Protein chains: 2
Amino acid sequence: MIDPNRTISELKELRSLTADENGAQRIAWTDTWLKAREWFLTKLEGLPVEHHIDAAGNRWVTLRGESEQSLILGSHLDSVPNGGWLDGALGVMAGLEILRRFAAEYEGRPPVTIRLVDWADEEGARFGRSLFGSSAFAGTATIDLDRNRADRDGIRLEDALRRCGIEIDRVGDAQVEQKDARAYLELHIEQGPILERLGLPLATVLGTKGVERHSITFQGQEAHSGSTPMGDRRDALAAAARLALEIYPIAQKHKDAVCTIGSVKTFPGIVTAIVGRCEATLDQRDLDANVLATMLREAQEASERFAGELGCTVEWSRIWNIAPEPFHPDLINRCEESIREIAGTSVRLPSGPLHDAAEVSRVGIPTVMMFVQSLYGISHNKIEDTKEEHLQLAIRAMDRLAAKAAAWVADNAI
Amino acid sequence: MIDPNRTISELKELRSLTADENGAQRIAWTDTWLKAREWFLTKLEGLPVEHHIDAAGNRWVTLRGESEQSLILGSHLDSVPNGGWLDGALGVMAGLEILRRFAAEYEGRPPVTIRLVDWADEEGARFGRSLFGSSAFAGTATIDLDRNRADRDGIRLEDALRRCGIEIDRVGDAQVEQKDARAYLELHIEQGPILERLGLPLATVLGTKGVERHSITFQGQEAHSGSTPMGDRRDALAAAARLALEIYPIAQKHKDAVCTIGSVKTFPGIVTAIVGRCEATLDQRDLDANVLATMLREAQEASERFAGELGCTVEWSRIWNIAPEPFHPDLINRCEESIREIAGTSVRLPSGPLHDAAEVSRVGIPTVMMFVQSLYGISHNKIEDTKEEHLQLAIRAMDRLAAKAAAWVADNAI
């Protein structure tokens with residue numbers, strides 16, 4: 001029998017071990033993260049499992065079944081600085097509880113192999129490269145780009161990895177873990193306000209939205225705030241301000257689409273000068289690739305129109321992008337059934353945040369995620385929280401889904 | 001006879017002595033500024049003048065006349081970092097040429113006393129306190145506020161002054177220099193685009209605009225860019241963006257009024273988070289105190305309306321303000337006559353930038369300023385420039401004005 005309360009008390013134990021007064025500090029490749037992973041190992045004692053760390057730092061726990069074909073449950077123990085107690089850790093610890101249930105139910109030998117993975121550095125909080133471990137698993141690692149990333153103290157990613165026993169040139173070898181993988185499930189907090197607003201505990205996740213992320217620079221003319229008439233100004237901030245407002249109608253034409261300007265920098269940025277240069281970032285997301293492309297084109301056209309009307313120029317530079325990743329329809333249906341059986345009502349949502357599940361899905365491994373309600377829609381913050389009754393429902397629904405998915409893997413054995 | 005070309009060649013000599021490839025570096029209280037002042041002293045050799053540095057670091061050069069009652073010509077040798085060759089220096093060097101003309105014309109003894117002042121630290125570039133020397137002269141120094149100002153290397157104003165022989169607790173003694181002051185004249189580059197657009201070389205300055213300078217903080221809610229629907233956002237940047245656009249209609253209701261948002265900072269300021277807090281600066285200026293008060297009220301009301309509509313709050317904090325300072329009507333008329341006589345056409349303008357003249361006028365010393373055209377409206381930049389033919393007209397018109405003002409001082413002798 002699954003014991004959701006054991007998982008909740010383990011999550012609290014992990015919090016007391018790895019959080020300070022500002023929140024969780026399990027930043028990947030740090031001592032606190034290593035401590036969390038050591039603690040996790042102690043929880044495997046007595047279980048009939050094997051475990052190892054792969055070439056990219058992902059930890060794999062394997063409960064061998066009658067078949068080599070495997071169902072994978074996963075998430076990440078790493079957090080952002082000053083993070084919450086559930087983001088990532090919930091999925092790993094729920095997965096462990098489900099692994100225990102499979103081991104007990106089948107006396108250590110379930111029909112298919114059940115694996116639990118703790119992905120390395122999902123957050124990318126220290127070196128700016130998120131989904132590090134899962135992208136290595138998927139074969140989409142970008143080592144040449146990432147090798148020289150450094151943290152704010154100037155420590156290079158390559159050196160931080162080596163300290164944890166990982167050689168950066170070999171992280172691609174983590175692809176061997178794809179062998180016999182037939183399905184992947186991930187439970188995560190929603191990190192948004194939708195379930196709370198709907199009054200529902202759980203959602204079936206349809207996929208992860210694609211992302212277009214750009215840096216936008218408006219160039220006008222720096223000039224003295226006191227001596228330059230309003231009509232003679234080439235105010236780069238005014239152009240950026242128009243774009244900061246225009247992204248709302250651009251996104252709101254489409255259900256679930258989002259556009260965000262998260263950073264604006266003004267140069268010279270002093271009280272007595274008109275802004276000569278304004279740098280902004282734009283993040284756009286949707287589950288539909290066509291919607292995403294339309295929003296990008298509309299934002300670019302709007303920025304050029306505003307720049308032209310205000311005597312400025314504008315340049316765009318792509319920071320990063322990723323295609324939408326729709327999840328597997330059979331697993332989506334099973335996830336929805338599981339939620340209905342445990343909680344009565346399910347809803348289908350796309351995920352705005354990226355997750356390791358997107359990397360797994362991208363290589364063709366059937367994947368689905370389940371979301372549990374986040375209070376206040378807040379994450380990446382120490383006030384991140386979820387009601388305990390919702391955590392209990394989530395762990396039970398996820399266990400139900402794992403049972404259905406294991407049966408599906410067995411039925412679809414190659 | 002006045003020799004404008006001598007002044008222009010002296011200004012070029014000063015530039016070669018104190019500028020690098022990025023522009024003028026005569027920042028007050030630095031070695032380069034001290035070098036500029038030493039160089040200036042060499043230009044006094046052979047002139048029948050006395051000179052000294054007052055308690056606030058202002059340098060006074062005095063050509064004693066038949067009467068103690070004095071006409072003061074002034075400006076400043078200090079510059080911003082990477083500044084232009086004319087901002088400040090033009091007024092000092094033109095004043096020196098006019099002093100030479102008075103000395104020659106009256107064989108060292110003009111009817112009234114003629115003084116030239118090189119104000120200390122007009123720009124406030126290093127410690128953020130502009131009009132330092134002239135405010136000490138005027139008795140409006142703010143020593144208790146300024147004492148602990150530090151530059152970006154952590155050097156305190158008090159210590160930087162001491163290194164230049166100035167004791168911060170005694171700067172108020174510079175008020176003794178007010179004695180017998182009966183008129184003050186200052187020639188300066190316009191630092192704006194109006195004269196260039198009008199095709200005129202010179203302007204009579206009506207006064208300096210009052211300034212209201214505030215820091216405005218919009219507080220919304222930081223949230224994940226991917227998981228927060230557009231309609232659920234409390235986007236502090238959107239509120240600031242609406243204000244950045246609204247200041248245009250607020251200012252444009254009034255001739256010559258200006259409003260500028262020069263700095264915007266976003267927090268947390270990362271590409272993946274909705275802006276939870278946005279800090280902006282607002283600088284508002286007009287020559288009419290009622291217009292200034294109206295613009296401030298309208299900006300405050302607009303900011304509250306925008307914050308309310310976007311689920312944010314807003315707080316205002318005054319950084320600094322100064323009342324408008326209209327110049328003396330008799331001297332305004334004489335300035336206009338002088339410009340007409342030398343250049344044919346005059347125009348009257350308020351000054352958006354502050355000048356030491358405002359501090360002098362504020363204590364009741366009749367004051368006027370003359371502007372000469374700035375190319376491209378640019379200052380505080382190495383590309384700041386003025387046509388040599390306009391510099392020649394400016395020095396000649398200023399000499400004409402000084403003659404009229406000296407006669408006016410004599411006629412109005414107390």
Side-chain angles (χ1 to χ4, degrees), chain A residues 190-194 197 209 211 213 215 221-233 235 237-238 240-245 248 251-252 256-266 268-275 278 281-283 285 319 351-354 374 377-381, chain B residues 190-194 197 209 211 213 215 221-233 235 237-238 240-245 248 251-252 256-266 268-275 278 281-283 285 319 351-354 374 377-381:
Chain A
E190 180 198 348
Q191 303 179 269
I194 298 173
R197 205 178 50 210
K209 293 180 183 175
V211 183
R213 201 172 281 171
S215 170
Q221 176 62 58
E222 174 186 342
H224 194 296
S225 65
S227 60
T228 309
M230 301 307 284
D232 289 338
R233 298 183 173 205
D235 181 348
L237 174 64
R242 289 182 65 181
L243 185 63
L245 299 174
Y248 279 78
Q252 285 172 324
D256 296 329
V258 286
C259 295
T260 304
I261 292 185
S263 166
V264 165
K265 292 181 181 161
T266 49
I270 56 177
V271 65
T272 54
I274 295 156
V275 175
C278 187
T281 62
L282 176 64
D283 179 284
R285 308 195 189 202
I319 297 171
S351 172
L354 277 164
S374 290
I378 300 295
S379 68
H380 288 195
N381 192 295
Chain B
E190 181 198 347
Q191 304 178 268
I194 299 173
R197 205 178 48 209
K209 294 179 183 176
V211 183
R213 202 172 281 171
S215 170
Q221 176 61 57
E222 175 186 341
H224 194 295
S225 64
S227 60
T228 311
M230 301 307 286
D232 289 339
R233 298 182 174 206
D235 181 349
L237 174 64
R242 290 182 65 180
L243 185 63
L245 298 173
Y248 280 78
Q252 286 173 323
D256 295 329
V258 285
C259 294
T260 304
I261 292 185
S263 166
V264 166
K265 291 181 182 160
T266 50
I270 56 176
V271 65
T272 53
I274 295 155
V275 175
C278 186
T281 62
L282 177 63
D283 179 284
R285 307 194 190 204
I319 298 170
S351 173
L354 278 165
S374 290
I378 301 295
S379 67
H380 288 194
N381 190 296

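Nothing here was measured: the structure is a model prediction, and the numbers come from that model.
Across S351(B), G377(B), S263(B), the residue that shares the most heavy-atom pairs under 4.5 angstrom with chain A is S263(B). Comparing I261(A), D232(A), V275(A) by how many heavy-atom pairs each has under 4.5 Å with chain B, the most go to D232(A). Contact count versus chain A (heavy atoms, under 4.5 Å) is highest, among S215(B), A223(B), P229(B), for P229(B). Chain B forms the most heavy-atom pairs under 4.5 Å with one residue out of D256(A), T272(A), N381(A), L243(A), and that residue is T272(A). In terms of heavy-atom pairs under 4.5 angstrom with chain B, the leader among Q191(A), K209(A), E190(A), E222(A) is Q191(A). Top candidate by heavy-atom pairs under 4.5 Å with chain B, chosen from G226(A), G352(A), A273(A), is G226(A). Comparing V258(A), I194(A), D235(A), D283(A) by heavy-atom pairs within less than 4.5 Å of chain B, the highest count is held by V258(A). Counting heavy-atom pairs under 4.5 Å between each of A251(A), A241(A), G192(A) and chain B puts A241(A) at the top.
Within the 4.5 angstrom heavy-atom criterion, atoms from both the backbone and the side chain of R242(B) approach chain A. For L237(A), the part sitting under 4.5 Å from any heavy atom of chain B is the side chain, from C-beta outward, and nothing else. With a 4.5 Å cut-off on non-hydrogen atoms, A238(B) touches chain A through its backbone and its side chain both. In this structure, no portion of A240(A) lies under 4.5 Å from any heavy atom of chain B. At a 4.5 Å heavy-atom cutoff, L354(A) makes no contact with chain B through either its backbone or its side chain. Within the 4.5 angstrom heavy-atom criterion, only side-chain atoms of I378(B), from C-beta onward, approach chain A.
Contact check for Q221(B) versus T228(B): no side-chain heavy atoms found under the 4.5 Å cut-off. For the pair V271(A) and S225(A), the minimum side-chain heavy-atom distance is 4.5 Å or more.
What you find for C259(A) and L282(A) is that their closest heavy atoms are CB-CD1, 4.3 Å. The two atoms that bring S379(B) and H224(A) nearest to each other are OG-CD2, 4.4 Å, heavy atoms only.
A donor-acceptor contact shorter than 3.5 Å links the side chain of T266(A) to the backbone of V264(B).
No hydrogens or angles considered: a donor-acceptor pair under 3.5 Å links the side chains of R233(B) and T260(A).
Among residues two or more places apart in sequence or in another chain, the side chain to side chain donor-acceptor pair (under 3.5 Å) test is passed with S227(A) by none.
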